[in-house]
Amino acid sequence: MSGLLAGKRLLVTGVITDASIAFSVAKLAQDNGAQVVLTGYGRLSLVERIARRLPQPAPIIELDVTSPEQLAGLADQVREHVDGLDGVVHSIGFAPQSCLGGGFLDASWEDVATALHVSTYSYKSLAMAALPLMSPGGSVVGLTFDATKAWPVYDWMGVAKAGLESASRYLALHLGKKGIRSNLVAAGPLRTMAAKSIPGFEQFEQAWTERAPLGWSLTDQEPAARACLALMSDWFPATTGEIVHVDGGYHALGA
Ligand SMILES: NC(=O)c1ccc[n+]([C@@H]2O[C@H](COP(=O)([O-])OP(=O)(O)OC[C@H]3O[C@@H](n4cnc5c(N)ncnc54)[C@H](O)[C@@H]3O)[C@@H](O)[C@H]2O)c1
């Protein structure tokens with residue numbers, strides 16, 4: 001087997017459509033020699049249909065990252081398909097509508113708590129659920145949207161992402177002694193199902209299209225997926241707690 005991830009065994013969460021960043025990660029990973037196990041949430045028959053578009057068959061395990069039972073059973077279910085994991089991809093985000101689109105001042109704690117549970121705390125939960133299968137050299141990768149700034153309409157999801165960025169650094173701290181890395185990819189705006197659920201998302205689209213130094217495609221998930229692959233490869237062996245921006249250079253600009 002050849003390729004950047006030859007022989008690596010990956011767990012990829014977050015496929016729901018073929019526009020999902022996770023779908024691009026799974027596809028590219030298979031193309032580059034990895035064995036991929038998917039997890040799916042909610043509409044599993046849809047995930048199965050999308051997974052059939054991958055170059056190779058990939059088993060699908062049901063996982064709601066807020067379910068303690070499903071998290072507790074994850075490692076055993078993964079073991080039915082692979083004997084260990086070299087990489088884990090967290091490509092999951094959700095916030096109730098009240099938390100997005102300008103509702104920052106009015107969103108209830110219950111709704112904000114849901115956003116933080118699914119989008120922030122779950123990064124740690126997923127890593128811990130997969131940990132029994134991981135060994136030194138392993139890599140956990142998640143997806144963020146640059147949380148160093150307050151964006152219009154992103155609201156509590158921005159807070160959730162700021163928490164995710166911090167959680168990744170703490171995971172790097174606590175899993176470093178086991179030789180396991182934790183890094184994030186900060187992607188620019190991409191037209192996925194999650195993005196479409198954000199009222200006013202087109203403001204990001206316009207800003208990036210007009211201003212990103214390298215230009216930006218709203219429908220090309222591959223640059224973000226490539227960065228995920230690189231972070232799970234052997235080519236970033238001493239990098240952890242890092243955030244790699246895959247945004248056409250937008251983050252480097254001033255106002
Ligand atoms: N699309 C963008 O513009 C963009 C930019 C930067 C970062 N991101 C991040 O990329 C990641 C993937 O999102 P995407 O844009 O590919 O959208 P997507 O809608 O394709 O993927 C989001 C996934 O989260 C899953 N999910 C939601 N609740 C879950 C739960 N309780 N348990 C398990 N899975 C659950 C959904 O099933 C879906 O597969 C998210 O973290 C998102 O915030 C997206």
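Note that ligands are numbered from 1 as they come in the structure, with each ligand's atoms numbered from 1 the same way. Side chains included, hydrogens not; waters and symmetry mates left out as well; all remaining heavy atoms used. Remember, it's a predicted structure, so these values are computed and weren't measured experimentally.
- Remark: Gln97 CD is packed, more than 12 non-hydrogen atoms of other residues, nucleotides or ligands lying under 6.0 Å away.
- In the displayed structure, Arg43 atom CZ is contacted under 6.0 Å by at most 12 heavy atoms of other residues, nucleotides or ligands.
- Checked against ring pair (Phe, Tyr, Trp, His ring centres under 6.0 Å), Phe236 has no partners two or more places apart in sequence or in another chain.
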Worksheet entry | Residue pair Ser182, Ser168: steps toward the side-chain hydrogen bond (donor to acceptor under 3.5 Å, both in side chains) verdict | CA-CA 6 Å; Ser182 167; Ser168 175; 2.8 Å; yes
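- In this structure, Lys124 places its NZ atom where more than 12 heavy-atom neighbours from other residues, nucleotides or ligands lie under 6.0 Å away.
- For Lys149, the NZ atom is densely surrounded, since the number of other residues' heavy atoms within 6.0 Å is greater than 12.
- Around ligand 1, the residues contributing at least one heavy atom under 4.0 Å from the ligand are Gly14, Val15, Ile16, Ser20, Ile21, Tyr41, Leu63, Asp64, Val65, Ser91, Ile92, Gly93, Val118, Leu143, Thr144, Phe145, Lys161, Ala187, Gly188, Pro189, Leu190, Thr192, Met193, Ala194, Ala195, Phe201.
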